[in-house]
There are 2 protein chains.
Amino acid sequence: MSPDLAAIGQRMRQFRTERGLSLDRVARLCGVSKAMLGQIERGESTPTIATLWKIASGLQAPLSRFLVGESGVVHRPTSPPRHRDASGMIVTPLFAFDPMLGFEMFAIELSQGCLSESSPHAPGVIEHVVVLEGEMELFVEGEWQTLAAGEVLRFAADQPHGYRNRGRAPAKVHDLIHYPFSA
Amino acid sequence: MSPDLAAIGQRMRQFRTERGLSLDRVARLCGVSKAMLGQIERGESTPTIATLWKIASGLQAPLSRFLVGESGVVHRPTSPPRHRDASGMIVTPLFAFDPMLGFEMFAIELSQGCLSESSPHAPGVIEHVVVLEGEMELFVEGEWQTLAAGEVLRFAADQPHGYRNRGRAPAKVHDLIHYPFSA
DNA sequence: TCGCGATGTGCGTTATAACGCACATCCCAT
DNA sequence: ATGGGATGTGCGTTATAACGCACATCGCGA
């Protein structure tokens, strides 16, 4: 969840040393003092976006090169951050929302007979549903659509929508919610 | 392209007013003083990445929402053509790549004993793996990590990485590949 | 008209990002 | 050893990000 501020310095240092650059050289390349660069790499200072941009620009690297959080770490759903809904939905977060990536992802189990109405999200929000097991129905744009295992549906979630399971077995789905770059 | 630092405040203000939020409300949502938010919106102050992260996270918006401008939304279901790899991987596209969303998503089945080495992708590319059935191993940052069903892993894919299945059953996983917003 | 809540901005203070410079260390070549 | 160049870190100063609070303004209803 947290931006992992300590790690952005480590990525910068790795990026720099990988191409054999000195702090002094980088300082001249991007117009940031090498003392500041050293502090950032050691996690003793969090840069402003202005200086981070100067660094990324001077190194010709995308911003996301330094900003992505928690890379290479396995998330084990040990004790459930698992959260049961009143309507019979069991929601398990898979990937927490990350501002740099713009989406979050859940595993959802729909018990038999479950019905969940969802009020519209913010404008531009898009949901992606992948059915893993069982069968479910999605209310989208005024009508119910049936999805079997292996089928997917992408829809605009800034409208009223809902999920239900009228089958005789629980349904397991993945739900990816993507937040827009513009409304 | 230049970051257009003056415009990031305008985008924040537009984002906020579009959903009828007050500075005070946003301040409480993301833990940043409303005075600071006002200054940022007016371009009188450039935030640190820490506060920008707090803002984006509190507003459930991607960082790139304020760093670059974009527009357009498409929502269409995709049909699944299936594609077998030489190494024993069966790759089924779930969601095709969409430039507006910045990612694509596959369902992958790893047959028993399968081994697939992947050369590095472009800088900033991030993969998200979710194990659905069976067990698999991922080579990330110099070491193999084991993932059981229900476990997930996010890693930087601009480095050498690989997948293999040394279990006795086929493994089913989802793979989401996110491409950075280069600048 | 009066007042009251809500909103956004100005102000003084504190925390800290960023700079320039000097110092310590390491690495070679002599 | 020994000196000199290159590298990374510590230190004092300055610029400014960030905070809390108070003030000005704008509806809106009594």
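So you know, we letter chains A, B, ... as the sequences are listed, proteins then strands, and number each from 1.
- Listed pair A:Arg16 / D:dG8 meets the phosphate criterion, a side-chain N or O lying under 4.0 Å from OP1 or OP2.
- For the OP1/OP2 pair of C:dT9 and a distance below 4.0 Å, the side-chain nitrogens and oxygens of B:Arg13 include at least one atom meeting the criterion.
- Phosphate contact (OP1/OP2 of D:dG8, side-chain N/O of A:Arg25, threshold under 4.0 Å): absent.
- Taking atom CD1 of residue B:Ile49 and atom C1' of nucleotide C:dA17, one finds them 12 Å apart after rounding to whole Å.
- Summarising the geometry, the separation between NZ on A:Lys54 and P on C:dA17 is reported as 15 Å, rounded to the nearest angstrom.
- Using a 4.0 Å cut-off, no side-chain N or O of A:Thr51 falls inside it from OP1 or OP2 of C:dA17.
- Proximity of B:Ser22 to the phosphate of C:dA6: no side-chain N or O atom is located under 4.0 Å from OP1 or OP2.
- Atoms CG and CG, on B:Leu37 and B:Leu29 in that order, are 10.0 Å from each other to the nearest 0.5 Å.
- Protein atom CD1 of B:Ile40 is 12 Å distant from nucleotide atom C1' of D:dT16, rounded to whole Å.
- Between the P atom of D:dC19 and the CG atom of B:Asp24 lies a distance of 13 Å, rounded to the nearest Å.
- Aromatic rings of A:Phe95 and B:His128 (six-membered ring for Trp) have centroids within the 6.0 Å cut-off, being under it.
- Here A:Tyr179 and A:Phe97 bring their ring centres to under 6.0 angstrom of each other.
- Along DNA chain C, the nucleotide closest to A:Leu52 and the one closest to B:Thr17 are compared, and the more 5′ of them pairs with B:Thr17.
- Mapping B:Lys34 and B:Glu44 onto DNA chain D by nearest heavy atom places B:Glu44 at the nucleotide closer to the 5' end.
- In this structure, B:Met36 atom CE and C:dG12 atom P are separated by 16 Å, rounded to whole Å.
- Computed from coordinates, the A:Gln39 CD to D:dT7 P distance equals 20 Å when rounded to whole Å.
- If B:Leu37 and A:Ala35 are placed on DNA chain D by their nearest nucleotide, the residue sitting closer to the 5' end is A:Ala35.
- Across all strands shown, B:Ser45 has heavy atoms under 4.0 Å from sugar-phosphate atoms exclusively, and none from any base.
- Less than 6.0 angstrom separates the ring centroid of A:Phe155 from the ring centroid of A:His161.
- At a threshold of 4.0 angstrom between heavy atoms, the contacts of B:Gly31 are confined to the sugar-phosphate backbone, with no base atom among them.
- As rounded to whole Å, 14 Å separates atom P of C:dC19 from atom CZ of A:Arg28.
- Within the 4.0 Å cut-off from OP1 or OP2 of C:dA17, not a single side-chain nitrogen or oxygen of B:Thr48 is found.
- In terms of phosphate contacts, A:Arg42 brings a side-chain nitrogen or oxygen within less than 4.0 Å of OP1 or OP2 of D:dG10.
- The six-membered or imidazole ring of A:Phe15 lies near that of A:Phe66, with a centre-to-centre distance under 6.0 Å.
- The nearest whole Å value for the distance from the CG atom in B:Leu23 to the P atom in D:dA22 is 19 Å.
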